[in-house]
Amino acid sequence: FVSIGERGFRTYQKMKKAGASGVLFRFETSNPNLFKKFHPNGKNLKNRLNHLGFLKNLGYFIATGSLIGLPGQTINDLVDDILLIKKYAHMVSLGPFLPTNNTPLVDAPNDGKTKQWKIEMNLKMIAVLRLLKKTSRIPVITALETLAGPDIRPKALQSGANSLMFNLTPAKYRPYYKIYDHKFYQQENIWEKYGLFKEKDSFE
């Protein structure tokens, strides 16, 4: 399973031949104007969707989806997101947008009302996608747990999610992968349970 972004057809073809079978490749938003706004480096939605097309043709297991609550996003955008997910995804990967320090969108709205809207909309989109994609994998992603806390797991499962995401990275390595602030870590204790890591603080 690979998650390397836009690397072109030949790269993904070579990786498929080498043994890769799945790819995490979010389109982020179905609105081309929003996509352009949040990617001033010249990337565009058309190229992102072209990647999804050839990844599907290459036979990859595709995990894709969008961000919920992007500044300027509308309900119609989210409906279009659902339709794109229905078209390409074997596994649904969607979650709330989280404003993060040291990024251009750090000052995006993030009050209690906004957070609650994102949580409720995330659950609604899970429910709709479960109806549209009855056999697809729909995980409860970490960003949703970061926003809503551990009690969101049963609510998301009741809404239609059917899998969980466990973070197995030992604690001392987690600071090297930080895509948003206060990333949620459930106390799974898997390293301790199976005796795979002996440092006492590795899973705290």
Side-chain angles (χ1 to χ4, degrees), residues 1-32 34-36 38-70 73 77-98 100 103 122 125-126 128-146 156-157 160-169 173-174 176-180 183-186 188 190:
F1 220 104
V2 295
S3 179
I4 58 173
E6 296 178 23
R7 293 292 184 270
F9 174 81
R10 290 187 178 181
T11 295
Y12 278 103
Q13 184 183 47
K14 288 180 179 179
M15 298 192 78
K16 190 71 166 58
K17 290 180 178 179
S21 60
V23 58
L24 171 59
F25 192 87
R26 279 187 175 179
F27 58 83
E28 299 175 4
T29 175
S30 57
N31 184 321
L34 280 182
F35 190 96
K36 183 177 181 180
F38 299 134
H39 293 83
N41 56 3
K43 291 184 178 180
N44 58 74
L45 181 61
K46 182 178 179 180
N47 190 51
R48 188 65 58 96
L49 298 183
N50 284 341
H51 271 68
L52 283 170
F54 70 63
L55 288 169
K56 185 176 181 179
N57 291 334
L58 285 170
Y60 275 96
F61 179 93
I62 299 173
T64 192
S66 60
L67 291 167
I68 300 168
L70 286 167
Q73 190 179 53
D77 292 332
L78 293 175
V79 171
D80 290 337
D81 290 351
I82 288 172
L83 295 176
L84 277 182
I85 293 170
K86 180 177 183 290
K87 180 177 180 180
Y88 290 111
H90 300 100
M91 181 171 83
V92 176
S93 178
L94 59 81
F97 164 70
L98 302 177
T100 303
T103 70
N122 208 133
M125 289 186 70
I126 288 173
V128 171
L129 284 160
R130 173 53 63 212
L131 293 173
L132 293 175
K133 301 182 72 65
K134 293 181 174 58
T135 61
S136 292
R137 186 175 301 171
I138 304 180
V140 185
I141 74 162
T142 310
L144 180 58
E145 294 181 281
T146 298
L157 291 170
N162 60 355
S163 56
L164 304 173
M165 297 184 72
F166 299 146
N167 192 311
L168 304 184
T169 305
Y173 298 116
R174 290 174 185 169
Y176 296 102
Y177 181 67
K178 183 181 179 183
I179 56 176
Y180 47 78
K183 187 177 176 69
F184 178 84
Y185 295 103
Q186 183 78 8
E188 313 296 353
I190 292 177

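Sequence positions, counted from 1, serve as the residue numbers for this chain. Computed from a predicted model, the values in this text were never measured in an experiment.
- Looking at every heavy atom in both residues, Leu58 comes nearest to Lys16 through O-CE, 3.3 Å.
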**OP:** List the steps, then state whether side chain to side chain contact (heavy atoms under 4.5 Å, CB included) holds for Leu67 with Thr29.
**Re:** CA-CA 7 Å; Leu67 291 167; Thr29 175; over 6 Å; no

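- Nearest heavy atoms, Phe35 versus Glu6: CZ-OE2, 4.5 Å.
- Of all non-hydrogen atoms in Pro139 and Met165, the two that sit nearest each other are CB-CG, 3.9 Å.
- Contact annotation: the side chain of His90 never approaches that of Tyr60 to less than 4.5 Å [non-hydrogen atoms, C-beta and beyond].
- For the pair Lys134 (side chain) and Leu131 (backbone), a donor-acceptor distance under 3.5 Å is present.
- No side-chain heavy atom of Ile141 sits less than 4.5 Å from a side-chain heavy atom of Asn122.
- With contacts defined as side-chain heavy-atom distances shorter than 4.5 Å, the pair Lys87/Leu52 does not qualify.
- Counting only heavy atoms from C-beta outward, the side chains of Arg48 and Phe25 approach each other to under 4.5 Å.
- Atoms CD1 and OG, from Ile82 and Ser66 in turn, are 8.0 Å apart once rounded to the nearest 0.5 Å.
- In this structure, CZ on Arg137 lies 6.0 Å from OG on Ser163, to the nearest 0.5 angstrom.
- Ser93 places no side-chain N or O within 3.5 Å of a backbone atom of Met91 that could act as its donor or acceptor partner.
- To the nearest 0.5 Å, the span separating OH on Tyr88 from CG on Leu49 amounts to 5.5 Å.
- When each of Val23, Thr11, Leu24 is tested with Val2 by the rule side chain to side chain contact (heavy atoms under 4.5 Å, CB included), just one qualifies, namely Val23.
- Judged as a side-chain hydrogen bond (donor to acceptor under 3.5 Å, both in side chains), and not counting sequence neighbours, the contacts of His39 are Glu28.
- In this structure, CG on Asn57 lies 11.5 Å from CD on Gln13, to the nearest 0.5 angstrom.
- Across Ser136 and Ala89, no two heavy atoms sit closer than the pair OG-O, 4.1 Å.
- Using cut-offs of 30° and 60° on the angle between ring planes, the pair Phe9 and Phe54 is perpendicular.
- Put simply, CD1 on Ile68 and CD1 on Ile126 are 7.5 Å apart, with the number rounded to the nearest 0.5 Å.
- Residue Leu45 comes nearest to Phe27 through the heavy atom pair CD1-O, 4.2 Å, listed as atom of the first residue, atom of the second, then distance.
- Taking every heavy atom of both residues into account, Arg130 and Gly160 meet most closely at NE-O, 2.7 Å.
- Test Leu94, Ile85, Asn162 against Ile138 for side chain to side chain contact (heavy atoms under 4.5 Å, CB included) and you get one pass: Asn162.
- Partners of Asp77 by side-chain hydrogen bond (donor to acceptor under 3.5 Å, both in side chains), not counting sequence neighbours, listed by chain and number: Asn31, Thr74.
- Looking at heavy atoms from C-beta onward, Leu78 lies in side-chain contact with Asp81 at the 4.5 angstrom threshold.
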